[in-house]
K.L.:
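Shown below is the structure under consideration.
The structure displayed is predicted, hence computed values, not measured ones.
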Amino acid sequence: MASLSPAAASSPKRLRVYSSAPAGGEDGAGSAKRVGTHNGSFHCDEALGCFLIRLTSQFAGADVVRTRDSQILDTLDAVLDVGGVYDPSRHRYDHHQKGFNEVFGHGFNTKLSSAGLIYKHFGKEIIAKELGVNEDHEDVHRLYLAVYKSFVEALDAIDNGINQYDTDQPPKYVNNTHLSSRVGRLNPDWTDPDQSPEKENAAFQQAMMLAGSEFLESVCFHVKSWLPARSIVLECLLSRGKADPSGEIMVLDRFCPWKLHLFELEEELKIDPLTKYVLYQVKSPSLLRHILVHL
């Protein structure tokens, strides 16, 4: 298993966010790549998308240009969440145009937002760089799918207005604590007398850092906790016949979060018969005992 490289905890490379920059860049230097997204109210998907694309080798340290001016957008190296075009060959990653139905694939069917588009095309590179391994490392594809499932897919769904549950009934409670809501609250308040582009851009930069830091935390969790637990459960699942001839009892050689991994691995590997009991040891202040868990 790969270990997380220091890159995940390092501060982002030089970040400049501005609006309606001239073709040569705001200062005329034109030395950095430039990534475009729309100005005005922002959402989590373009905030995360801008953060993610700057983690790639091609767009590392890129300036972020926020505009809806098509003439300016045409001069930029990459554009996301604006422009009405999805064309990876030209690094155009909008999802608002009629007829757009791109999904992540690999069994996922949620319509992508700009965050999902950037992750789909650059996610493996980003994961590999954060792990400090090559893209063809066996852990990269596994983590690429796991991080999409546990983190990015929800942002895609929320941005595209996809309900988490299929029901005609109103929700039993309101949840405004998720990442998309917190990013949304960083938009300048309508009561603030300062509605300048500079203040809006500064708020968008905060949104990028918030969304990006949580993405990196998710990657870190999957590397340090999720992946080791999956490896333990897989090994014990494949050797469960040693514990009991029925194959319905699995013994964990050490405790780890096992339940979700077990269900997913049984489905993935088409395990038959399914596990009925999981046996593992836990330490208590008074004794070491076995706990039998009925599934």
Side-chain angles (χ1 to χ4, degrees), residues 12-105 110-126 148 152 155-156 158-161 180 183-184 186-187 197-198 200-212 215:
K13 296 182 178 180
R14 180 184 63 86
L15 172 59
R16 183 173 60 177
V17 179
Y18 49 84
S19 296
S20 300
E26 188 178 54
D27 55 8
S31 57
K33 289 289 183 73
R34 298 185 303 154
V35 173
T37 190
H38 61 81
N39 57 352
S41 296
F42 51 79
H43 301 98
C44 189
D45 70 315
E46 72 264 24
L48 179 60
C50 286
F51 184 93
L52 293 181
I53 201 169
R54 296 180 77 253
L55 293 178
T56 67
S57 297
Q58 186 172 357
F59 296 100
D63 292 332
V64 177
V65 180
R66 303 182 68 242
T67 182
R68 293 185 184 274
D69 187 325
S70 60
Q71 292 185 338
I72 294 177
L73 291 173
D74 287 343
T75 70
L76 303 182
D77 300 288
V79 175
L80 56 103
D81 211 48
V82 69
V85 176
Y86 170 51
D87 183 356
S89 68
R90 296 193 293 126
H91 294 300
R92 266 44 187 174
Y93 303 101
D94 197 11
H95 67 110
H96 296 100
Q97 60 273 26
K98 184 178 180 181
F100 178 89
N101 289 300
E102 189 76 8
V103 298
F104 188 68
T110 299
K111 182 179 174 181
L112 297 178
S113 67
S114 59
L117 283 172
I118 297 301
Y119 187 78
K120 177 174 182 174
H121 291 282
F122 297 101
K124 286 187 178 180
E125 177 190 347
I126 292 168
Y148 181 78
V152 181
L155 305 181
D156 287 339
I158 290 169
D159 192 76
N160 284 303
S180 294
V183 166
L186 291 175
N187 279 281
E198 292 76 17
E200 184 182 284
N201 293 339
F204 183 74
Q205 183 166 327
Q206 284 184 277
M208 286 177 59
M209 295 303 102
L210 172 60
F215 170 82

K.L.:
Using side-chain heavy atoms (C-beta onward) and a distance below 4.5 Å, is F59 in contact with H91?
P.N.:
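With C-beta onward as the side chain, the pair touches.
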K.L.:
Distance check, rounded to the nearest 0.5 Å: L55 atom CG versus I126 atom CD1?
P.N.:
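Answer for the CG-CD1 pair, L55 versus I126, is 5.0 Å.
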K.L.:
Side chains of S19 and N39: do they bring a donor and an acceptor to under 3.5 Å?
P.N.:
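There is no such pair (donor and acceptor under 3.5 Å, judged by atom type) between the side chains of S19 and N39.
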K.L.:
Nearest 0.5 Å please: distance from the CD atom of E46 over to the CG atom of L117.
P.N.:
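Going from the CD atom of E46 to the CG atom of L117 covers 12.5 Å.
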K.L.:
Over 60° means perpendicular and under 30° means parallel, so classify the ring planes of F104 and Y148, tilted if in between.
P.N.:
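If you compare the ring of Y148 with that of F104, the planes turn out parallel.
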K.L.:
Can you find a heavy atom in the side chain of R34 that is under 4.5 Å from one in the side chain of Y18?
P.N.:
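SC-SC contact between R34 and Y18 confirmed.
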K.L.:
Roughly how far, to the nearest 0.5 Å, is CD of Q206 from CG of N187?
P.N.:
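Going from CG on N187 over to CD on Q206, the span is 10.5 Å.
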K.L.:
Taking atom types as modelled, is there a side-chain donor on D45 or H43 under 3.5 Å from an acceptor on the other?
P.N.:
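No, no side-chain donor-acceptor pair sits under 3.5 Å.
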K.L.:
Checking D159 side chain against L155 main chain: does a donor-acceptor pair fall under 3.5 Å?
P.N.:
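The answer is no, because no donor-acceptor pair under 3.5 Å joins these two groups.
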K.L.:
Answer whether the closest heavy-atom distance between the side chains of L73 and T67 falls below 4.5 Å.
P.N.:
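The answer is yes; the side chains approach within 4.5 Å.
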K.L.:
Closest heavy-atom contact between A207 and F42?
P.N.:
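What the structure gives for the nearest pair is CB-CE1, 3.6 Å.
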K.L.:
Search all heavy atoms of T37 against all heavy atoms of C50 and return the closest pair with its distance.
P.N.:
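Looking at all heavy atoms of both residues, the closest pair is CG2-SG, 4.0 Å.
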K.L.:
Going through the distances and angles, do V183 and L210 end up as a side chain to side chain contact (heavy atoms under 4.5 Å, CB included)?
P.N.:
CA-CA 7 Å; V183 166; L210 172 60; 4.0 Å; yes
K.L.:
Which value, rounded to the nearest 0.5 Å, describes the distance between S113 atom OG and F100 atom CZ?
P.N.:
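One gets 8.5 Å once the value is rounded to the nearest 0.5 Å.
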K.L.:
Verify the neighbour count for atom CD of Q97: are there more than 12 heavy atoms of other residues, nucleotides or ligands below 6.0 Å?
P.N.:
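It does: Q97 CD has more than 12 such atoms within range.
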K.L.:
Considering only NZ, NE, NH1 and NH2 on the basic side and carboxylate oxygens on the acidic side, decide whether D63 and R16 come within less than 4.0 Å.
P.N.:
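Between R16 and D63 there is a salt bridge, with a charged N closer than 4.0 Å to a carboxylate O.
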K.L.:
Quick one: CG on L52 to CZ on F122, what's the gap to the nearest 0.5 Å?
P.N.:
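So the gap between those two atoms works out to 10.0 Å.
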K.L.:
List the atom of R54, the atom of M208, and the distance in Å for their closest heavy-atom pair.
P.N.:
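Looking at all heavy atoms of both residues, the shortest contact is CD-CE, 4.0 Å.
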K.L.:
How many angstroms lie between atom CZ of F215 and atom CZ of F51, to the nearest 0.5 angstrom?
P.N.:
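Answer for the CZ-CZ pair, F215 versus F51, is 8.5 Å.
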K.L.:
Scan residues 68-88 for pairs that pass salt bridge (charged side-chain N to carboxylate O under 4.0 Å, His left out), counting only residues two or more places apart or in two chains.
P.N.:
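Listed once each, the pairs are D87-R90.
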K.L.:
Starting from the C-alpha separation in whole Å, work towards a yes-or-no answer on side-chain hydrogen bond (donor to acceptor under 3.5 Å, both in side chains) for H95 and E102.
P.N.:
CA-CA 8 Å; H95 67 110; E102 189 76 8; over 6 Å; no
K.L.:
Can a donor-acceptor pair be found, under 3.5 Å and without considering hydrogens, that links the side chain of K111 to the backbone of N160?
P.N.:
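No: the side chain of K111 does not pair with the backbone of N160.
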K.L.:
Any heavy-atom pair between the side chains of M209 and L15 that's under 4.5 Å?
P.N.:
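Yes, side chains in contact.
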K.L.:
Using modelled atom types and a 3.5 Å cut-off, is there a donor and acceptor pairing between side-chain atoms of D94 and backbone atoms of G84?
P.N.:
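Checked: pair present.
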K.L.:
Mind listing the closest non-hydrogen atom pair of D156 and A115 along with its distance?
P.N.:
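D156 and A115 have their closest heavy atoms at OD1-C, 4.2 Å.
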K.L.:
Quick one: does NZ or CZ of R66 land under 6.0 Å from the six-membered ring centre of F204, within 45 degrees of the ring axis?
P.N.:
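So R66 does make the cation-pi contact.
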K.L.:
Which atom names give the shortest non-hydrogen contact between A62 and V35, and what distance separates them?
P.N.:
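Taking every non-hydrogen atom into account, CB-CG2, 3.7 Å.
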